[in-house]
Amino acid sequence: MSKIAIIGGSGLTELPGLEIINKIELDTPWGKPSAPITVTKVNGIEVLFLPRHGNPHTIPPHKVNYRANLWALNENNISEIIAVNAVGGITEALTPCRIVIPDQLIDYSHSRADSFHEENLSEVKHIDFTHPYSNTLRQKLIDAAADTKLDIVSTGTYAVTQGPRLETAAEVKRLESDGNDIVGMTSMPEASLARELDIDYACCALVVNWAAGKTDDIITMEIIENNLKEGLGKIQSLISTVIKNKQ
Ligand code: HPA
């Protein structure tokens, strides 16, 4: 049975209620991952968990060592990664507390170490990234949502911004006219590094605020944290259904 990993985003620094079998501390050629990898078992299936921002949450999106995180997970022979990401909603359907499984992204981030193929190359490698998220794994999330009668949005384009600041209203207008539905700071280079390692990678995004300028309100950490609290239970049940369906 193939092993699955979960990369937890804001608000998801551990997987509550699961028996911890092991904690793996690893160093990689790219440095240390954000935290030790937690190994758990769900219905006999090994599930690895890594909190992207550390535990406690101290690493901002632009400082995450994405290469070390992906490398460390790959060293543990996983074949699938479900990434959990908190995002702002841009288009009408993407209201706070909704879950979306994006099928596309546009990368506006910069200055991040974003490839394993940089030095001492015997050949230049270009990955195909036409479809940045694994459609097979996306479909498992979409099926799990149907199984649990969870109302999710099953497609969308994720704008990956640099952060850590949120956007201006004008930037969000431009993101919308570019065709983006949600905005967040962490799907890249995570998605392309997973592709470089040939790992099936899908994103389970939780809308935690309306993007800048979409309402008259300013975006506060209180709004974000309240929506995170409300939405994370849904994310957890979605992920545990994907794992149960693996059997
Ligand atoms: N913009 C960028 N990243 C985010 C947002 C947002 O509005 N909300 C949560 N992560």
Side-chain angles (χ1 to χ4, degrees), residues 6-13 34 50-66 69 82-112 114 132-133 152-153 155-193 201-236 238-239:
I6 314 295
I7 299 181
S10 295
L12 193 63
T13 45
S34 300
L50 179 60
R52 182 187 292 114
H53 301 283
N55 185 13
H57 180 144
T58 50
I59 310 169
H62 64 301
K63 295 283 188 192
V64 171
N65 189 338
Y66 294 94
N69 286 354
I82 297 175
V84 179
N85 306 69
V87 297
I90 298 178
T91 46
E92 215 179 326
L94 279 311
T95 57
C97 291
R98 277 200 104 177
I99 291 174
V100 51
I101 314 298
D103 58 330
Q104 277 297 332
L105 64 80
I106 301 180
D107 187 10
Y108 301 88
S109 72
H110 55 81
S111 324
R112 298 183 180 187
D114 61 1
Y133 302 108
I152 62 157
V153 178
T155 58
T157 299
Y158 182 142
V160 189
T161 53
Q162 174 67 5
R165 69 166 176 85
L166 298 170
E167 297 69 40
T168 66
E171 285 169 338
V172 169
K173 266 194 193 154
R174 190 186 76 170
L175 295 179
E176 187 164 13
S177 74
D178 281 358
N180 294 288
D181 298 291
I182 49 174
V183 54
M185 302 172 191
T186 47
S187 207
M188 283 293 286
E190 213 171 80
S192 58
L193 290 169
Y201 176 97
C203 162
C204 185
L206 174 67
V207 180
V208 293
N209 57 278
W210 278 113
K214 284 284 149 185
T215 65
D216 291 336
D217 301 332
I218 58 160
I219 305 165
T220 62
M221 286 309 290
E222 196 188 350
I223 292 176
I224 292 178
E225 277 157 17
N226 285 341
N227 289 326
L228 264 176
K229 262 189 220 138
E230 203 177 317
L232 277 178
K234 292 194 270 184
I235 298 262
Q236 279 158 4
L238 193 59
I239 291 175

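The figures that follow rest on heavy atoms only: side chains count, while hydrogens, waters and symmetry mates do not. Start at 1 and go down the list; that is how both ligands and their atoms are numbered.
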**Complete:** Near E167 (heavy-atom distance under 4.0 Å), the atoms of ligand 1 are 1 (N), 2 (C), 6 (C), 7 (O)
**Prompt:** ligand 1 versus I224, non-hydrogen atoms closer than 4.0 Å: side chain, backbone, both, neither?
**Reply:** neither
**Request:** Would you kindly say whether T186 and N85 are connected by a side-chain donor-acceptor distance under 3.5 Å?
**Result:** yes
**Fill in**
ligand 1 to N209, heavy atom cutoff 4.0 Å, flagged ligand atoms 5 (C), 6 (C), 7 (O), 8 (N), 9 (C)
**Asked** Which atoms of ligand 1 sit under 4.0 Å from any heavy atom of A86?
**Response** 9 (C), 10 (N)
**Message:** Show, in sequence, the C-alpha distance, side-chain angles and deciding distance for T161 and S109, and conclude whether the side-chain contact (heavy atoms from CB on, under 4.5 Å) test is met.
**Reply:** CA-CA 5 Å; T161 53; S109 72; over 6 Å; no
**Message:** Using side-chain heavy atoms (C-beta onward) and a distance below 4.5 Å, is S10 in contact with M185?
**Reply:** no
**Request:** Spell out, as yes or no, whether a donor-acceptor pair under 3.5 Å connects the side chain of R52 to the backbone of V64.
**Result:** no
**Message:** What I'd like to find out is whether the side chain of I239 reaches to under 4.5 Å of the side chain of I6, using heavy atoms alone.
**Reply:** yes
**Complete:** min-distance protein heavy atom vs atom 5 (C) of ligand 1 -> G88 N, 3.5 Å
**Asked** Is any side-chain heavy atom of Y108 less than 4.5 Å from a side-chain heavy atom of R174?
**Response** yes
**Asked** Of the protein's non-hydrogen atoms, which lies at the shortest distance from atom 3 (N) of ligand 1, and what is that distance?
**Response** G184 CA, 3.4 Å
**Complete:** Of all protein heavy atoms, the one nearest atom 6 (C) of ligand 1 is L166 CD2, 3.5 Å
**Item:** Proximal candidate to atom 4 (C) of ligand 1 [heavy atom criterion; set I223, V183, V172]
**Value:** V183
